[in-house]
Every structure is written in structure tokens, then in C-alpha cells.
Amino acid sequence: MLIGQLARRTGTSERLLRYYERVGLLASVRRANGYRDYDDAAEQTVRQIRALLAAGLSTSLIRQVLPCALTDGTLRPCPGVLAKLRTQLTHLDQRADELAQARQTLRRVIATAEHAE
């Protein structure tokens, strides 16, 4: 399928699809006219990329995770990948704690300001 069709099917811009290809997340073959041609699996690959990006993974980590991804959205065990995902989860947990503390601080500041009115 051509890039425009893949973009429509996945709701992803052609620019992003080209970026995914440039960083090694997505593959295409070139037709004689130079157009990119994606296989049918590309649609699922793009959906997996989008889900992993939404989970906070970097493109370099996604490049390592994609070969382990199964079509049903689960992962098969790949050496080192699970440990990296656990590390990412730890970072997300830390960020969530920091945001919760910031939210509490902001609530206190607002409550103090409202009480002073």
C-alpha cells in the first residue's frame, strides 16, 4: 500500500510515517517510480508504534521492542527487553509521584490564596 493509504488507515500523518521509517521503526520497499510501498503488516506496526509512544517509550527503545511484539499486542520474551521496559516503568512511576506532589503543592497554594480572600 502507498504511504497515503497507510496514513489514512492509521490516522498518522505521512510525515510521521516517513520519520518512523527514517529511525528504523517501519520498513517499505521502493517501487520503480520511487514511491514507498508498505506491506499489509505495516498498519499493525504503526498502531504498535503509536501505542508504545503513548506509553512513554522512546523511539530507540521501541526499535528494540518491535521485534518482540506479537500481532495481538503482547510481547514475546526477548533478551534484555523486559528489563528495559521495567526500567521505563520505574521512571514513569517516579514521574507520577513527582506530579502528584506538584499537584498537592498547587492545591495547597490555591487553598491558601482562596482562604486569604
Side-chain angles (χ1 to χ4, degrees):
M1 88 185 78
L2 296 176
I3 193 168
Q5 187 177 12
L6 181 59
R8 282 189 299 282
R9 286 185 178 185
T10 61
T12 305
S13 72
E14 291 180 21
R15 183 177 175 198
L16 268 177
L17 294 174
R18 285 186 207 96
Y19 171 74
Y20 296 159
E21 192 171 341
R22 192 171 60 248
V23 297
L25 300 179
L26 187 62
S28 70
V29 295
R30 294 292 183 140
R31 293 182 174 185
N33 60 7
Y35 289 5
R36 288 172 170 85
D37 192 15
Y38 297 93
D39 63 18
D40 291 336
E43 187 175 346
Q44 178 64 26
T45 300
V46 171
R47 294 188 192 290
Q48 289 171 328
I49 292 167
R50 304 292 292 163
L52 293 168
L53 285 168
L57 275 63
S58 67
T59 55
S60 63
L61 183 52
I62 293 172
R63 194 171 36 255
Q64 297 169 48
V65 170
L66 277 178
C68 306
L70 302 174
T71 56
D72 66 357
T74 61
L75 293 176
R76 63 182 168 78
C78 289
V81 169
L82 191 55
K84 290 177 182 178
L85 291 175
R86 284 189 178 119
T87 299
Q88 179 65 23
L89 181 59
T90 299
H91 291 301
L92 287 174
D93 287 342
Q94 290 169 346
R95 282 184 52 209
D97 290 343
E98 291 167 0
L99 285 171
Q101 290 174 3
R103 186 175 50 226
Q104 273 303 106
T105 300
L106 187 54
R107 283 185 175 146
R108 279 194 303 271
V109 168
I110 290 170
T112 301
E114 287 176 340
H115 190 70
E117 291 178 344

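Positions are given from 1, in the same order as the sequence printed here. Just so it is clear, the structure is predicted and the values come from calculations on it, not from any experiment.
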Enumerate, atom names and distances included, each donor-acceptor pair closer than 3.5 Å involving a side-chain atom of residues 76-86, sequence neighbours excluded.
from	atom 1	to	atom 2	distance (Å)
R76	NH2	P67	O	2.7
K84	NZ	Q64	OE1	2.4

Run the side-chain donor-acceptor check on residues 93-104: report pairs under 3.5 Å with partners two or more places apart or on a different chain.
from	atom 1	to	atom 2	distance (Å)
Q104	OE1	R107	NH1	3.4

*Same hydrophobic cluster for L89 and L52, using side-chain heavy-atom links shorter than 4.5 Å among ILVMFWY?*
no
*Are L75 and L92 joined in one hydrophobic group, where the rule is that I, L, V, M, F, W and Y side chains link up if heavy atoms are under 4.5 Å apart?*
no
_Inter- and intrachain pairs under disulfide bond (SG atoms under 2.5 Å apart), touching residues 1-60, at least two apart_ = none
*Spacing of L16 atom CG and L6 atom CG [to the nearest 0.5 Å]*: 11.0 Å
Who passes salt bridge (Lys or Arg N to Asp or Glu O under 4.0 Å) against [X], sequence neighbours left out?
{"X": "R47", "value": "E43"}
{"X": "R63", "value": "none"}
{"X": "D37", "value": "R31"}

What residues, two or more places apart in sequence or in another chain, satisfy side-chain hydrogen bond (donor to acceptor under 3.5 Å, both in side chains) together with [X]?
{"X": "S60", "result": "S58"}
{"X": "T45", "result": "none"}
{"X": "T105", "result": "R108"}

Considering only distance and modelled atom types, tabulate donor-acceptor pairs under 3.5 Å from the side chains of residues 20-28, sequence neighbours left out.
from	atom 1	to	atom 2	distance (Å)
Y20	OH	R50	NH1	2.9
E21	OE1	S28	OG	3.2
E21	OE1	R36	NE	2.9
E21	OE1	Y38	OH	2.9
E21	OE2	S28	OG	2.7

*Is Y35 isolated, or which residues cluster with it under the ILVMFWY side-chain rule of less than 4.5 Å, directly or via members?*
L2
*For E14, which residues count as a side chain to side chain contact (heavy atoms under 4.5 Å, CB included) partner, sequence neighbours excluded?*
I3, A7, R18
*Return yes when atom CZ of R30 has more than 12 non-hydrogen atoms of other residues, nucleotides or ligands closer than 6.0 Å, and no otherwise.*
yes
